[in-house]
**Q** 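Below is the structure I would like to discuss, written out as structure tokens.
The model shown is predicted, which means the values in this text are computed figures rather than measured ones. Order of appearance sets the numbers: ligands from 1, and atoms from 1 within every ligand.
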Amino acid sequence: MPDPSSRISVLLPLPLGGRYDYQVTLESDYPPGAVIEVPFGGRKVTGVVWGPGEGIIPDSKLKTAGSVLPLPLMTASLRQFVDRVAAYTLTSPGAVLRMVLNTPKAFSPERGHFLYKIPSDGPIFLKSPIRQRIINFLADGAKRSISEIAQNVGCSSGLIKTMAKAGELVPIAAPPAAPFSRPKTNTNIIFSPPQERAAQVLRETMREGTFSATLLEGVTGSGKTEVYFEAIAAVIAQEQQSLVLLPEIALTTQWLDRFVARFGVKPAIWHSDLSAAQRRITWRAIAEGGAPVVIGARSALFLPFPDLGLIVVDEEHEAAYKQEDGVIYHARDMAVLRAHIAKHPIILVSATPSLETLANVEADKYRRLHLPNRHGNAQLPHITAVDMRKYPPPRGHFLSPPLAQALQQNFEQKGQSLLFLNRRGYAPLTLCRSCGHRLQCPNCTAWLVEHRQINRLQCHHCGYALRIPQTCPQCQAVDSFTACGPGVERLAEEAAILLPKARIALMTSDNIANAAAAEGLIHDMIHGKIDLLIGTQIIAKGHHFPALTLVGIVDADLGLAGGDLRAAERTFQLLNQVAGRAGREDRPGQVFLQTYDPSQPVIAALAEGSEENFLTQEMNARKAATMPPYGKLAALILSASNEKLVDQACRDLAAKIPHEEGIIILGPAPAPLAILRRRHRRRFLLKSAKNLSLQSVIKKWIKEIRLPRTVRLQVDIDPYSFL
Ligand code: ADP
Ligand code: ZN
């Protein structure tokens, strides 16, 4: 008799995992995309059927596949997306699938939620008084939930279940509540002519429903959000799902309020801080097509939408879209890939688009829609560069006289102010006054940062913390440590002396550990309970503070120091964002940029409003150097706790460096963060023209090298961090 069984290939969500063949009796019971349980290395693993078996494992070693889980099939486009992301980032498909299947609790259907009633042939009479009370309570024949019965009768929920088992009560499965309701699509917003033109194009684009990428560009406050809401409304009307990616998911209360005001319901939310129960409900609802709109952090890109019609990437220029560990990927770029594979539109939104996106507009790959003005009467703020060489602050202070004066004046006129300094803690550097000894992290190549509010020195890379020592470990001098330079805490001290009557608040990732704390501060700011808000880049993003009229950027040069490839671009985007917080409603805003060199292109562009010039210069410089977006980069990062091993691995790799036309390979060199969490780090950097595939070169190169288990090799395609 011929063997009736056949093989399927299953992708397992394991870090180094690939596809494995399993035996099944009937292939048609295991369609591609089915989520199934299989035995693997002595345990059960949940994987996805990827296709027919590949026949590499001999029949004798083949294991039998387990059961198919009651989940919708994973779409062909999502499976293709997993493979393509893996190929692009040079990671295993299993590691990418893991990002899709990271909510195992959602794989089984929600455990039956039951209602109870008395048997249809009437109540039975029972001896136990408590049981009798339950029967009496249900004597009207209605179905009631366990909690309702327990509360009214004063019994345990266990007793109700026991009675159901004994046939004294009848359990009835309650229909599951739809967790996310359908948004309303009509609106009473009246768009300005440029807004309406953009909205019209987007509505049509959604109707076409094929792949296209659109950049929606416009100054902060120009109505970009309102306009892309129109695209979402169109997709809802088509009964498809929309995904909105946001960079700072913890700080989106205002975005959610706007959404509710427009659509009447809350969207599904996806980020890493969800409770396990929320995660399960949300993942499942999305997989079943029951969440019309999902807003999420970059990880939401790997959710199993069965019928996605649109992806919006808001603040598309944000570096937070780059995931720097595990699978190293850029969520904006992978979002474009997903839209392309699944053949639906994508909208990239920004006031200061990335050069990558602008280059794609220039090459006619993306369409550009532009909103030129702020909505209503709001004007863009007036920006002044303060030359710190001409107006130095007093010794030990960090606010120049012009900015200090403006702060006082604004306070007297009951305006709200904001000071921006991208440095957490009290001071970036602490050193001994007698011998110059600096306090360094024992695990990282980094200085310890003083956090005076908690009386600690902290490493911002590994979290190492230490009480500020009384004596210098180098020269034993007592109480000799002194703070160098400003952090936001120190700035708050200076501001409190300058504005003794003002209500001053600090906002950094240190004091808004959770979303509720952030919401509290934002609420106070919106309702005028704060006169001066001081913070790091966390205050730069998205917030709409109606009464904010003065913004001071304490150190506009900060991001330009150390200059990696995108230092100028990033500083430009960040300062533009911060400046854009001022004057969002009727009262005009003003911005002071403190700088030691007002002639730097970034500063000059912001102060003169000549942004186009800056971008053109920056683009030309990148073109001339064939740097991204006009060339490609990739990095190899090797690390190990044993320095000799990592150096040996580097020598092995260096010996096999591929010599290919058009590819330059630099390194190995110690990374700027040469030691991170006690691991020694070395970097190679590859550079090529745009039309070459760095991936295939790297693949061939590293395939020849056997690394010791303790040496880790990470490949970073399109690196954004060069540390
Ligand atoms: P952006 O996303 O470009 O920063 P928003 O969409 O957040 O701009 O709009 C800024 C503010 O102006 C919001 O409070 C928004 O509700 C309001 N707004 C924008 N366009 C209109 C309009 N046509 N009618 C009424 N309010 C609008
Ligand atoms: Zn450290």
**Q** Just jot down the ligand 1 atoms closer than 4.0 angstrom to any heavy atom of Val219, in number order.
**A**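 Once the distances to Val219 are compared, the set is 3 (O).
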**Q** Tell me: protein heavy atom nearest atom 20 (N) of ligand 1, and distance?
**A** Gln195 NE2, 3.0 Å
**Q** To the nearest 10 degrees, calculate the angle at the Zn ion (ligand 2) involving SG of Cys459 and SG of Cys462.
**A** 110°
**Q** Answer side chain, backbone, both or neither: which part of Ile190 comes under 4.0 Å from ligand 1, heavy atoms only.
**A** backbone
**Q** Heavy-atom pairs closer than 4.0 Å: do any link ligand 1 to the side chain of His375, the backbone, both, or neither?
**A** side chain
**Q** Check for a donor-acceptor pair, side chain of Arg338 on one end and backbone N or O of Leu301 on the other, with a separation under 3.5 Å.
**A** yes
**Q** Among Glu315, Lys224, Gln254, whose heavy atom sits nearest atom 1 (P) of ligand 1?
**A**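 Nearest option to atom 1 (P) of ligand 1, by heavy atoms: Lys224.
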**Q** Need the ligand 1 atom indices (1-based, order shown) with element for anything under 4.0 Å from a heavy-atom of Ile189.
**A** 22 (C), 23 (N), 24 (N)
**Q** Please answer whether the main-chain N or O of Ile530 pairs with a side-chain N or O of Gln416 as donor and acceptor at a distance below 3.5 Å.
**A**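 Yes: the side chain of Gln416 pairs with the backbone of Ile530.
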**Q** So, Arg678 and Asn443: side-chain donor and acceptor under 3.5 Å apart, yes or no?
**A** yes
**Q** Has Cys444 got an N/O/S atom less than 2.8 Å from the Zn ion (ligand 2)?
**A** yes
**Q** Is it the case that Arg262 places NZ or CZ above or below the six-membered ring of Phe229, under 6.0 angstrom from the centre and within 45 degrees of the axis?
**A** no
**Q** Only one of Asn511, Asp510, Thr508 clears side chain to side chain donor-acceptor pair (under 3.5 Å) with Arg424; which?
**A** Asp510
**Q** Is it true that His330 and Tyr720 have ring centroids separated by less than 6.0 Å?
**A** yes
**Q** Could you identify the single nearest non-hydrogen protein atom to atom 16 (O) of ligand 1 and state the distance to 0.1 Å?
**A**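 Ranked first by proximity to atom 16 (O) of ligand 1 is Glu226 OE2, 2.9 Å.
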**Q** Quick one: nearest non-hydrogen protein atom to atom 7 (O) of ligand 1, plus distance?
**A**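 For this ligand atom, the closest protein heavy atom is Arg258 NH1, 2.8 Å.
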**Q** For ligand 1, which part of Arg374 has a heavy atom less than 4.0 Å away: the side chain, the backbone, both, or neither?
**A** neither
**Q** Got an N/O contact under 3.5 Å between Ser222 and ligand 1?
**A** yes
**Q** Tell me yes or no: between the side chains of Gln577 and Glu315, is some donor less than 3.5 Å from an acceptor?
**A** yes
**Q** Hey, is Asp314 close enough to Lys224 for a salt bridge, meaning N to O under 4.0 Å?
**A**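 Looking at Asp314 and Lys224, the cut-off is not met.
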**Q** Which residue holds the protein heavy atom closest to atom 2 (O) of ligand 1, what is that atom called, and what is the gap in Å?
**A** Thr225 OG1, 2.6 Å
**Q** Salt bridge (charged side-chain N to carboxylate O under 4.0 Å, His left out), that's the test. Do Lys322 and Asp716 meet it? Break it down for me.
**A** CA-CA 10 Å; Lys322 185 75 192 282; Asp716 185 355; 2.7 Å; yes
**Q** Where is the nearest protein heavy atom to atom 4 (O) of ligand 1: which residue, which atom, and how far?
**A**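 So the nearest neighbour among protein heavy atoms is Gly221 N, 2.8 Å.
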**Q** Would a search of protein heavy atoms around atom 11 (C) of ligand 1 find one under 4.0 Å away?
**A**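 Not a single protein heavy atom is under 4.0 Å away.
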**Q** Quick check: does His461 put an N/O/S atom under 2.8 Å from the Zn ion (ligand 2)?
**A**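 For His461, the answer is no, given that no N, O or S atom comes within less than 2.8 Å of the Zn ion (ligand 2).
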**Q** Keeping Arg374 on the side-chain end and Thr220 on the backbone end, is there a donor-acceptor pair under 3.5 Å?
**A**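 Pair found, side chain donor or acceptor close to backbone of Thr220.
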**Q** Can you check which of Ala199, Gly223, Gly218 brings a heavy atom nearest to atom 9 (O) of ligand 1?
**A**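 Result: the heavy atom closest to atom 9 (O) of ligand 1 is in Gly223.
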**Q** With distance as the sole test, does Ser610 use its side chain to make a donor-acceptor pair with the main-chain N or O of Asn613 at under 3.5 Å?
**A** no
